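Just so we're on the same page: letters track the sequence lines, and every chain starts at 1. Here the structure is a predicted model, which means the values were calculated and not measured.
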Amino acid sequence: MLKPGLRLKSAVCEAEIMVIKATEGDDLTCGGVAMAEAPESAEANPDQMDGCLIGKRYVNEAESVEVLCVKSGDGSIYYNGDELMTKDTKKLPSSD
Amino acid sequence: MNIALFLQMAAEACGDRRALTHEGTHHTYAELYGAAKRAAYRFSTAQCEYVTLIDESSPAVPIALMGAAMAGIPYVPINYRLSDEQIIPLLERIDPAYLILGPKETDHSPEHWVTQSTSEFMSDVFSGDEMEVTWNEDPSAVAVQLFTSGTTGTPKAAILRHEHLVSYILGSVEFMGAGEEEATLVSVPPYHIAGISAVMSSIYACRQIVQLPTFNPFEWLNLCAQEGVTSAFVVPTMLTRIIDELEASDIELSSLSSLASIAYGGGKMPVPVIEQALKLFPNVNFTNAYGLTETSSTITLLGPEDHRTAVDHVDHDDVAVHARLGSVGKPLPSLELEIRDEKGKPLGPWDAGEIYVRGPQVSGEYDGRSVLDDDGWFPTRDAGYLDDHGYLYLSGRADDVIVRGGENMSPGEIEDLLHKHPAITDAAAVGMTSEEWGEVVALAVVKAEGQEITEQEICDHIREHLRSSRVPEVVHFTSELPYNETGKLLRRVVSEWFRIEGD
């Protein structure tokens, strides 16, 4: 069960994410393999290896799931079979 | 969800980048991260429930903040300018604590506490083995506890949880958004929310922090030139003093060529001061930020574009756009903001009332007691109004409203008018008890140097531009008004001047 604040690691690469927003029954994969707090390393699906980048936020189309990549990796992040897209932080002038 | 993540990510993405400069000494993100982990280990093994720091800015500040977060202990910076009599009751409320102490001595350090000087603490955490530290990701754990300045009564402990601070930073700062050459000058004290948010947002943007422990305008300008500072946050009084210093000293403006942006907040900026600053620094982007401790810092922004548009309209008839220089701008995209009357009914544009905000960065919690309403709205106790385009204008604290014969008056309205008068440098309007009206306006005025203005002339000027109810019953001339160190006018002190004997 995913909940905000949860940190998950990829089973196929160095990637790490933090869950920002999630709904019940979510299934996140990286490189085709389920992400977990302490995953055992596994074989990647080569079609899902476009990479993810530290500091980027990834969302599904409905924006019901949002994760923050906290460590870059070679795998791409999918939710229920759909690749997550990057979401832009609205650029604001620095106020502090 | 833990604010320590920001430092971990910065160290991961650009560990060799310069993170911090203090008195000419530099530290990288990797060093800062290593130090924070060693601090976390010390805090965890000390069996303390709080980490407190009573000192001015130094590398110990971000290290204690992040180390405490990793250790899962609230970080409680305390104003080092307070007297022992004021500090001891605060320390009693955070027992037992790991106390990091500046040159100031305090009698309060019970045996079950760990007390270290800042320099001792720093030499401990900057050396030693690499530590592996894991931390709790519970979003609802308390990250920071700040004692309010207590201008009215006992200081309250405002609680900021990791979820509030993380929401604020993720919602307003782009990770590694700063270029390698960027450096921000931080001169706000560490116990102020602006000092906390400056540390967090700079780390997440991977922007170097240049610390100026005690503000003085000469040093500020010097550091800007020396360290190639590109941005800074100042409170209004600091900006005034910087402008004065630039005019009085022989510092060349060209030496400040790296300075690209200045953000200001923490108190009401007099419009003439920002106008002057815009003229003096035509190439600098100015941003006005309004926020509160209870909202994890900034909630509204008036950006550089708004400043420029407002200045461009100074010679035009579009008074409304020019007036925006006196506005604090629009709410952050992740926030909702409403103006409500005393009964809680939302008001339309131009109607003054209390400012309410709602959003994930809003804590609105003191000593474990939430003041949010059932729908999650936080009453800021600040009074203000919106214009037709959603720009927010502040008119003082809701408690500062002067009620004369049932009519609500905002002191800001009177003060703004007087600030524009060439013979007046500063003014404060407060309510004074009156048998006839309940309250009447009393005014404290600082005359501009070499200028003369009489009580009668001030009253006539107010009568001419505002309603006659705004005309003061008493005018007191003074050499300066009382402000606290972050530029907040101490209205309570001004009110004391007008207290009738036996009142």
Side-chain angles (χ1 to χ4, degrees), chain A residues 1-10 12-24 26 28 30 35-39 51-60 62-77 84-96, chain B residues 1-2 5 8-10 12-13 136-141 162-163 166-167 170-178 182 184 186 188 193-202 204-207 231 233 261 263-265 285-291 297-298 300-305 329 332-334:
Chain A
M1 159 99 189
L2 300 180
K3 58 176 192 225
L6 190 68
R7 292 272 292 261
L8 297 174
K9 290 179 178 170
S10 169
V12 306
C13 64
E14 293 283 289
E16 276 183 48
I17 56 139
M18 185 186 77
V19 177
I20 294 178
K21 200 167 137 191
T23 47
E24 217 170 319
D26 290 343
L28 284 171
C30 177
M35 303 188 80
E37 287 177 80
C52 55
L53 200 61
I54 186 168
K56 292 285 177 205
R57 292 160 80 163
Y58 293 87
V59 289
N60 65 346
E63 297 207 13
S64 59
V65 172
E66 182 172 344
V67 303
L68 172 72
C69 176
V70 300
K71 202 170 177 185
S72 301
D74 298 328
S76 319
I77 298 160
L84 298 186
M85 307 162 288
T86 56
K87 175 191 175 182
D88 293 321
T89 309
K90 197 181 171 208
K91 192 112 172 100
L92 295 171
S94 172
S95 62
D96 28 45
Chain B
M1 205 173 279
N2 186 312
L5 174 70
Q8 185 189 28
M9 287 172 71
E12 162 80 22
N136 193 317
E137 298 284 357
D138 178 7
S140 65
H162 285 278
E163 56 193 328
V166 171
S167 299
L170 294 188
S172 62
V173 184
E174 193 189 344
F175 178 68
M176 225 173 137
E182 287 188 38
T184 190
V186 177
V188 282
I193 183 62
I196 307 264
S197 59
V199 167
M200 292 189 306
S201 56
S202 301
Y204 198 62
C206 300
R207 181 182 293 114
S231 64
F233 176 88
S261 62
Y264 60 91
N285 286 325
F286 281 89
T287 299
N288 185 1
Y290 160 62
S297 194
T298 307
T300 71
L301 282 179
L302 186 77
E305 206 50 51
L332 298 185
S334 53

**Request:** Flag the one option from A/Arg7, A/Glu16, A/Lys3 with the top tally of heavy-atom pairs under 4.5 Å to chain B.
**Result:** A/Arg7

**Prompt:** If you measure from CG on A/Leu84 to CG on A/Leu28, what distance do you get to the nearest 0.5 Å?
**Reply:** 6.5 Å

**Message:** Rounded to the nearest 0.5 Å, what separates atom OG in A/Ser94 from atom CD in B/Glu174?
**Reply:** 12.0 Å

**Asked** Between B/Leu5, B/Asn2, B/Asn285, which residue shows the highest count of heavy-atom pairs closer than 4.5 Å to chain A?
**Response** B/Leu5

Less than 4.5 Å to any heavy atom of chain A: does that hold for the side chain of [X], its backbone, both, or neither?
| X | result |
| --- | --- |
| B/Met176 | neither |
| B/Ser297 | side chain |
| B/Tyr264 | neither |
| B/Glu163 | neither |
| B/Thr287 | side chain |

**Prompt:** Looking only at heavy atoms, which two atoms of B/Val166 and B/Met1 are closest? And how far apart?
**Reply:** CG1-CG, 3.6 Å

**Asked** With side chains defined as the heavy atoms from C-beta onward, is the minimum distance between A/Leu53 and A/Thr86 less than 4.5 Å?
**Response** no

**Request:** Check the surroundings of atom CD in B/Glu12: do more than 12 heavy atoms from other residues, nucleotides or ligands lie under 6.0 Å from it?
**Result:** yes

**Under the side-chain contact (heavy atoms from CB on, under 4.5 Å) test, residues paired with A/Ala62 that sit two or more places apart** = A/Asn60, A/Ser64

